[in-house]
Amino acid sequence: MSETKPYVIAIDGPGGSGKGSLALRLAKILGFHLLDSGAIYRLAALKALKSGTNIKQEIDVLEALQDFNIHFESGEELTIPFLDGEDVAAQIRLESTGDAASVIAQYSGVRACLLERQRQCFQPPGLVADGRDMGTVVFPDALIKFFLYASVEIRAQRRYNQLISMGISANIAQLQADISERDERDRNRSESPLVPATDALVVDSSLLDLDQVTELMMSHIHEVTE
Ligand code: DC
């Protein structure tokens, strides 16, 4: 049966699995909205860091988020995130911001505070939602769910290339260590851990390029919606 109602495509997986680039591609192909939920966690972490908050204390982070003004503007290629009116695209991509995001993402109060903002992104004609808990918690009724993963070595190499292309210096060994540590934290937290939804299609992107994974995902979408 052909799917005409707006629907959600949830793409979960660890950082560097390619989900960000793939979510952007699918959103463009389908003309859907895009939710980069990691950017929202990074913005929350940046807010806390900028206000001198001790991110080890949930209550202090929640206090900092009482006044959390963010918005996104469409750039030429990517969406530009703003925090309190400031373009923070480069700042949220720093490893230090990613680490802080992974720490504050463990807190149930923080996750609850960011939940509604994420759900509001589901607007016609549909949404591609990229994150860690899109298919399990934020959009449990998503019509289509993917869980992408890739080896730590390949993810570190991808992150390295990404940072260098942005003019940010990086060290592969350090990136591997950081990725493993962040994976541990994301997988083992009690709140919304990084796990595939039971009804997700699990895709190993280690040995596939973006075009191959796009093709695989699009054929799954067509199978479900046509
Ligand atoms: O995908 P990313 O690297 O931009 O995400 C940064 C951190 O935010 C990641 O370590 C875990 C957290 N996060 C989360 O807990 N849930 C999400 N849906 C998205 C990100």
Side-chain angles (χ1 to χ4, degrees), residues 8-24 34-49 55 58 61-62 65 68 70 72 78-81 83 88-122 127-140 142 145-150 152 154-156 158-163 166 168 170 175-197 200 205:
V8 175
I9 300 174
I11 308 180
D12 291 307
S17 56
K19 66 195 164 63
S21 314
L22 289 156
L24 182 63
L34 176 67
L35 165 62
D36 172 3
S37 62
I40 295 183
Y41 281 91
R42 285 170 182 265
L43 283 162
L46 194 61
K47 174 77 191 187
L49 293 173
I55 60 162
E58 175 173 11
V61 176
L62 285 172
L65 292 181
F68 183 46
I70 60 170
F72 295 90
L78 296 168
T79 307
I80 305 164
L83 174 65
V88 290
Q91 292 177 58
I92 66 161
R93 291 295 146 206
L94 293 173
E95 289 303 299
S96 52
T97 314
D99 275 343
S102 170
V103 171
I104 66 155
Q106 298 175 97
Y107 304 143
S108 58
V110 169
R111 302 200 75 86
C113 164
L114 302 179
L115 190 59
E116 208 35 50
R117 263 174 217 269
Q118 297 173 73
R119 289 194 172 145
Q120 282 164 359
C121 296
F122 179 28
L127 179 71
V128 180
D130 149 17
R132 304 290 195 287
D133 61 344
M134 298 297 100
T136 49
V137 176
V138 182
F139 300 108
K145 299 179 186 179
F146 292 104
F147 188 89
L148 283 173
Y149 71 94
V152 170
I154 291 207
R155 288 190 283 136
R158 289 176 183 165
R159 187 70 94 193
Y160 178 84
N161 297 345
Q162 190 183 36
L163 290 170
M166 291 166 77
I168 301 171
L175 284 174
Q176 279 192 17
D178 289 349
I179 286 173
S180 300
E181 190 188 323
R182 209 177 295 171
D183 278 1
E184 274 293 300
R185 208 157 44 215
D186 291 349
R187 279 198 194 110
N188 296 322
R189 66 185 180 215
S190 55
E191 285 299 321
S192 309
L194 172 65
V195 286
S205 75

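Just so you know, ligand 1 is whichever comes first in the structure, and atom 1 is the first atom listed for that ligand.
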Between Ser205 and Arg158, does any side-chain donor sit less than 3.5 Å from a side-chain acceptor?
yes
Does the side chain of Arg159 come under 3.5 Å of the side chain of Gln162 through a donor N or O and an acceptor N or O?
yes
Neighbouring protein residues of ligand 1 - any heavy atom closer than 4.0 Å:
Lys19, Ser37, Gly38, Tyr41, Arg42, Arg93, Ala101, Ser102, Ala105, Arg111, Gly131, Arg132, Asp133, Met134, Arg159, Arg182, Asp186, Arg189
Sequence neighbours excluded, which residues qualify as salt bridge (charged side-chain N to carboxylate O under 4.0 Å, His left out) partners of Asp178?
none
Within a strict 4.5 Å, meaning less than it, do heavy atoms of the Thr79 and Asp36 side chains meet?
no
Considering only heavy atoms from C-beta outward, does the side chain of Leu194 approach that of Arg182 to under 4.5 Å?
no
Taking Arg155 for the side chain and Ala150 for the main chain, is one N or O donor matched with an acceptor at less than 3.5 Å?
yes
